[in-house]
Protein chains: 2
Amino acid sequence: MDTASPATSSSALVDETAAAIRARIMSGEIPIGAQLRQAELAKTLGVSRTPVREALRQLQTGGLIEVVPNRGAVVRVPAPWEVREAYEVRAELEGLACVRAVRRITRDGLGELRATNELLRPGDAPPNAASHAANDRFHTLIHEIAGNERLARVIREINEAFPRNVSALVLQEHPRHRDDNFAEHERILAALQTEDPDLVRREMQSHVISAGEQLARWYERRSATVFRG
Amino acid sequence: MDTASPATSSSALVDETAAAIRARIMSGEIPIGAQLRQAELAKTLGVSRTPVREALRQLQTGGLIEVVPNRGAVVRVPAPWEVREAYEVRAELEGLACVRAVRRITRDGLGELRATNELLRPGDAPPNAASHAANDRFHTLIHEIAGNERLARVIREINEAFPRNVSALVLQEHPRHRDDNFAEHERILAALQTEDPDLVRREMQSHVISAGEQLARWYERRSATVFRG
DNA sequence: CTTCCCAAAATTGGATCCAAGAAGATTTGC
DNA sequence: GCAAATCTTCTTGGATCCAATTTTGGGAAG
């Protein structure tokens with residue numbers, strides 16, 4: 001899609017390696033706090049240590065992993081307050097995206113948003129990979145409509161800074177969270193239709209804050225249980 | 001200052017190398033659009049190509065340079081619309097920082113802000129390195145008062161994404177810009193004293209937008225003259 | 001004179017090598 | 001028997017090596 005996009009392409013192998021490692025962290029295959037040994041990753045991914053090292057450097061810049069000088073890389077263990085900080089920022093940015101989207105959205109765009117959220121309607125089927133993708137899609141659609149690449153990029157970077165993101169968790173934990181998520185999306189859709197920028201902003205902000213709060217609570221529970229097995 | 005900060009320390013050499021390259025780009029010693037040859041950088045900085053490559057990878061992730069697969073790295077040439085996009089995002093974030101700062105600022109903090117801006121008062125002396133530092137300090141002080149590390153980090157990343165930033169330019173171009181910059185800071189200080197969050201937010205947002213507009217215009221003029229210069 | 005093609009030089013990218021540092025095990029001293 | 005020091009092993013970090021791709025310069029053909 002992007003012809004003149006500011007996306008820096010870099011080397012194919014390094015990017016693939018970074019994406020592979022990130023995917024394994026995001027999926028939980030590599031757990032939070034785990035050590036990332038370069039030789040092991042290189043062997044698993046079928047490359048040498050060089051691209052692995054550069055990939056780790058990329059992930060480190062994004063904040064997903066932490067590299068201590070002579071002791072290697074570990075998957076970062078975010079503190080709940082870090083999640084709340086990040087999601088306060090994200091809420092502000094998603095709010096801005098909504099304000100921009102109100103001015104730019106078309107009938108087709110609104111329809112696509114509605115269709116996407118229908119995939120999240122509770123009761124149909126248990127959450128699966130498709131619903132996670134739909135949840136992501138709902139937000140990225142708004143970012144596309146907002147038409148500010150930097151804005152979309154910053155939000156994506158915040159989302160990718162934590163080894164578990166909202167889409168992967170909120171839909172699985174409590175069924176209640178799933179219902180809330182759907183309902184909040186519906187409120188955003190309704191607000192978009194009123195074309196009231198402030199209303200859309202508030203709806204989106206409260207949605208993001210509550211999602212972030214759930215993610216922060218998940219980390220709190222995790223840190224409480226990780227010591228007793 | 002940061003003891004438990006989420007700053008990933010990484011390797012010393014690579015970080016120093018990245019900082020050195022970034023400094024040379026920011027200062028203009030390495031011009032916009034210039035090729036960055038690994039061997040040359042390695043020789044200049046007195047290290048081997050390995051840390052240079054990892055440093056370039058870091059800078060690439062930040063968006064300051066662009067790496068095309070088998071053709072090396074160049075200092076990115078930002079389009080004016082990219083600057084405007086980024087500064088719309090930055091304005092929103094600096095606005096959020098102000099809203100948070102209003103609730104948290106102390107008498108001492110306000111005094112430090114005032115003192116910092118006094119260094120920018122026009123008429124005293126021509127802009128120098130100290131005034132650039134003071135301009136940066138005025139904003140980072142607010143970020144510190146705001147007390148959200150992620151917020152400060154995202155703003156810093158946006159600021160470092162362009163090979164020329166506002167502090168380095170606005171103070172040097174037109175004397176009028178310098179006056180405006182000082183006056184806008186004074187308005188922000190006054191707004192902070194009123195403790196009206198919305199007012200402070202508006203003042204800061206319009207300040208950042210106008211600064212970004214000046215930066216964008218600088219890039220426009222640059223792209224207009226680069227072909228006949 | 002321009003354009004296309006081919007070859008040589010230069011540069012990047014991946015792999016390997018070696019040193020330096022840290023963690024862990026073993027041994028030694030008390 | 002316990003603690004401290006040392007030695008071994010493992011892992012990272014930097015340097016070097018080699019292959020692959022790009023670029024550039026020269027030459028030949030149109």
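Just so it is clear, the model here is predicted, and its values are computed rather than measured. Chain A is the first sequence line, chain B the second, and so forth, proteins listed ahead of strands; every chain is numbered from 1.
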Notebook entry, point to check: CD1 of I65(B) versus P of dT12(C): gap in Å, rounded?
Noted result: 11 Å
Check: Just how far, in rounded Å, is C1' of dG13(D) from CD of E16(B)?
Finding: 14 Å
Margin query: Determine whether a donor-acceptor pair (one donor, one acceptor, N or O, separation below 3.5 Å) exists between the side chain of R53(A) and the base of dG14(D).
Written below: yes
Item checked: Nearest-Å distance for atom pair CD/P, residues E40(B) and dA10(C) -> 14 Å
Check: Atom CD of Q38(A) to atom C1' of dG14(C): distance rounded to whole Å?
Finding: 14 Å
Next item on the list: Taking only Lys NZ, Arg NE, NH1 and NH2, and the carboxylate oxygens of Asp or Glu, determine whether E213(A) and R217(A) approach each other closer than 4.0 Å.
Entry: yes
Check: Between Q35(B) and T50(B), who's closer to the 5' end of DNA chain C by nearest nucleotide?
Finding: Q35(B)
Notebook entry, point to check: Between atom CG in N70(A) and atom P in dG21(C), what is the gap in whole Å?
Noted result: 7 Å
Next item on the list: Kindly assign one of parallel, tilted or perpendicular to the pair Y87(B) and F162(B), based on the angle between their ring planes and the thresholds 30° and 60°.
Entry: tilted
Notebook entry, point to check: Can a donor-acceptor pair under 3.5 Å be found between the side-chain atoms of R71(A) and the base atoms of dG13(D)?
Noted result: no
Note to self: The side chain of S48(A) is closest to which nucleotide in this list: dG14(C), dG13(C), dA15(D)?
What the structure shows: dG14(C)
Notebook entry, point to check: To the nearest angstrom, how far is K43(A) atom NZ from dA15(C) atom C1'?
Noted result: 17 Å
Item checked: Interatomic distance, L41(A) CG vs dC10(D) C1' [rounded to whole Å] -> 16 Å
Next item on the list: Using heavy atoms to find the nearest nucleotide of DNA chain D for R49(B) and E54(B) separately, return the residue whose nucleotide is more 5′.
Entry: E54(B)
Next item on the list: Select one nucleotide: of dA15(C), dT11(C), dG14(C), the one nearest the side-chain heavy atoms of R37(B).
Entry: dT11(C)
Notebook entry, point to check: Can you tell if the side chain of E184(A) reaches within under 4.5 Å of the side chain of S206(A), non-hydrogen atoms only?
Noted result: no
Item checked: Within 6.0 Å of CZ in R104(B), more than 12 heavy atoms from elsewhere -> yes
Margin query: Taking any heavy-atom pair under 4.0 Å as a contact, classify L56(A): base, sugar-phosphate, or nothing.
Written below: nothing
Item checked: Nucleotide dA20(D), atom P - distance to CG of L13(A) in whole Å -> 14 Å
Item checked: For the student: nearest non-hydrogen atoms of L64(B) and P163(B), plus distance -> CD1-N, 3.7 Å
